[in-house]
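This is a predicted model, so every value here is computed, not measured.
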2 protein chains.
Amino acid sequence: MPSKRPSPSPAPDATEDKPRAAERIRRTARELFYREGIRAIGVEEIVSQAGVTKPSLYRSYASKDELAAEYLRDYEAAFWEVFEAGAQVHPGDARAQLMAYFEGLAQRATQSGYRGCGLTNAVVEYPGDEHPARRVALTHKRKLRARLVDLSAAMGARQPAQLADGLLLLLEGAYASGQLFGRGGPAASLVTVAEQLIDASLR
Amino acid sequence: MPSKRPSPSPAPDATEDKPRAAERIRRTARELFYREGIRAIGVEEIVSQAGVTKPSLYRSYASKDELAAEYLRDYEAAFWEVFEAGAQVHPGDARAQLMAYFEGLAQRATQSGYRGCGLTNAVVEYPGDEHPARRVALTHKRKLRARLVDLSAAMGARQPAQLADGLLLLLEGAYASGQLFGRGGPAASLVTVAEQLIDASLR
DNA sequence: TGACGATGTTACCGATCGGTACGTATGATC
DNA sequence: GATCATACGTACCGATCGGTAACATCGTCA
């Protein structure tokens, strides 16, 4: 939570009005949390890699859990940017837009070292309903499901909700199997399978 | 003297030749690791819930990591038992056998509190290639993929490997989305979607 | 019985965890 | 130069982590 007073004069260099250290912590946390997992990374390692110290972390973030939640908010913003990128390339074509994302995902999820979806991973790491990171992730997934229903309806599916569920299963399946198999994993068939499913859902 | 098992000299009561405490630890670890995650559970909590103490754990298991690997071996055995259960109900019918498992999974994955696949979760928790638990999980997933190829071939799919990939994506998607959405999640459509995919892959 | 090996218990280890009290450097304003 | 707010670092906290040494207890067989 950047609940800091907007510094009037000293105006740091970052795009925000936060201290410089906070931004470095944020970017470092994003990378480490995603690559290694939230539970696996201690705050000491974050500040060490960021080149700052712990008090600098706790001046901008209330706790490690809150920093994790902030990481997921960043992750979600980046996700939507990629997900909706196809809308500009294929305006008015819901199917092409979605498939554009699927093609990119199939690429990424079949590289070795792929780590899946940071939001899904966080839910796996924190089963307890109270954790702030989990809250962010669950809210996002509900939004994603709703968006898929809209896209499915725009494609002309007989039962948009059902097609959306199928697409969501494939999505999450690609995230997971990407971690499980790396290069040459089942996500290589993601696009073909999705096309079959969409075709079957249109009648 | 009375009812004795064919245990050599040191004859405990368990079904195995391991100490009684080891079996209690194993069952407790299985439940706690699955429900809360491996990283989230300390050895202290395991032995406490099992009603034993730490040295009893370390006499039967080399480390927490090894106990986690053992947990996953148990989990895998239980998985195959469920997965192959349909083979006896529908002998010679690969499609019916697979769908029997899918139906059960769709049920479980749409209950609130569902925690997904313990093997997949372990891979999410331990991204490092060296962890024994991850090794067990990855080996199992490769076996599962091969088994799905066999089943797809038995169904008469034009491209068995591709259908197997699609089914695996749906499987893993059900595991993940079950955790993300709980009751009423996308896994409710798992069976219908799988049927559509299989139909489209035959012809 | 006495001895022995296996199992269980008490009490503790160093390392690391997330988090904080408190002093220090800097830069603008008067 | 004195003042003050802001940003950052040094050094430390209690709690918990995984793991272990030393001792007590039990079952079995000579």
Side-chain angles (χ1 to χ4, degrees), chain A residues 1-14 16-26 28-29 32-33 36-71 125-126 131-133, chain B residues 1-14 16-26 28-29 32-33 36-71 125-126 131-133:
Chain A
M1 285 305 183
S3 60
K4 279 299 178 192
R5 300 276 304 154
S7 23
S9 327
D13 53 357
E16 303 233 356
D17 57 343
K18 296 215 281 184
R20 301 196 321 262
E23 204 52 35
R24 307 197 51 176
I25 290 167
R26 200 155 122 161
T28 307
L32 291 180
F33 280 160
E36 306 289 337
I38 299 173
R39 290 199 117 113
I41 293 296
V43 292
E44 182 62 48
E45 190 158 354
I46 294 174
V47 297
S48 160
Q49 295 245 3
V52 298
T53 54
K54 271 197 273 188
S56 290
L57 191 160
Y58 285 98
R59 253 174 237 119
S60 298
Y61 305 95
S63 63
K64 183 198 175 183
D65 290 351
E66 272 306 324
L67 176 60
E70 192 74 3
Y71 145 60
E125 286 200 271
Y126 294 97
H131 199 283
Chain B
M1 245 66 81
S3 60
K4 263 293 174 272
R5 286 297 177 79
S7 4
S9 317
D13 53 359
E16 303 232 358
D17 58 342
K18 295 222 270 181
R20 302 196 332 261
E23 203 52 37
R24 307 196 51 177
I25 290 168
R26 201 154 121 158
T28 306
L32 291 179
F33 279 159
E36 307 288 338
I38 299 172
R39 290 199 118 112
I41 293 297
V43 292
E44 182 61 48
E45 190 158 355
I46 294 174
V47 297
S48 159
Q49 295 243 3
V52 297
T53 54
K54 272 196 276 186
S56 291
L57 192 159
Y58 284 98
R59 262 191 283 271
S60 296
Y61 304 95
S63 63
K64 184 197 175 184
D65 290 351
E66 272 305 324
L67 176 61
E70 191 74 4
Y71 145 60
E125 285 200 270
Y126 294 97
H131 199 284

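Going from atom CD of Glu23(B) over to atom OG1 of Thr28(B) covers 10.0 Å, rounded to the nearest 0.5 Å.
The separation between Leu57(B) atom CG and dG8(C) atom P is 11 Å, rounded to whole Å. In this structure, the CD atom of Glu23(B) is 12 Å from the P atom of dG8(C), given to the nearest Å. For the pair Arg59(B) CZ and dT25(D) P, the interatomic distance rounds to 15 Å; values are reported in whole Å. Residue Arg24(B) contributes atom CZ, which lies 12 Å from atom C1' of dG8(C) at whole-angstrom precision.
For Glu36(B), there are no salt bridge (charged side-chain N to carboxylate O under 4.0 Å, His left out) partners two or more places apart in sequence or in a different chain. Legend: residues meeting salt bridge (charged side-chain N to carboxylate O under 4.0 Å, His left out) with Glu66(B), ordered by chain and number and at least two apart, are Arg73(B). Taking Lys64(B) as the reference, nothing meets the salt bridge (charged side-chain N to carboxylate O under 4.0 Å, His left out) condition, with sequence neighbours excluded. The ring-ring contact (aromatic ring centres under 6.0 Å, His included) check on Tyr58(B) picks up nothing, with sequence neighbours excluded.
Listed by first and then second residue, the salt bridge (charged side-chain N to carboxylate O under 4.0 Å, His left out) pairs involving residues 41-56 of chain A are Glu44(A)-Lys54(A) (not counting sequence neighbours).
Here Thr53(B) lies in heavy-atom contact (under 4.0 Å) with a base.
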Grab the N/O contacts between the protein and nucleotides 16-18 of chain C below 3.5 Å, and write none if there aren't any.
from, atom 1, to, atom 2, distance (Å)
dG18(C), OP1, Lys64(A), NZ, 2.9
dG18(C), OP2, Val43(A), N, 3.0

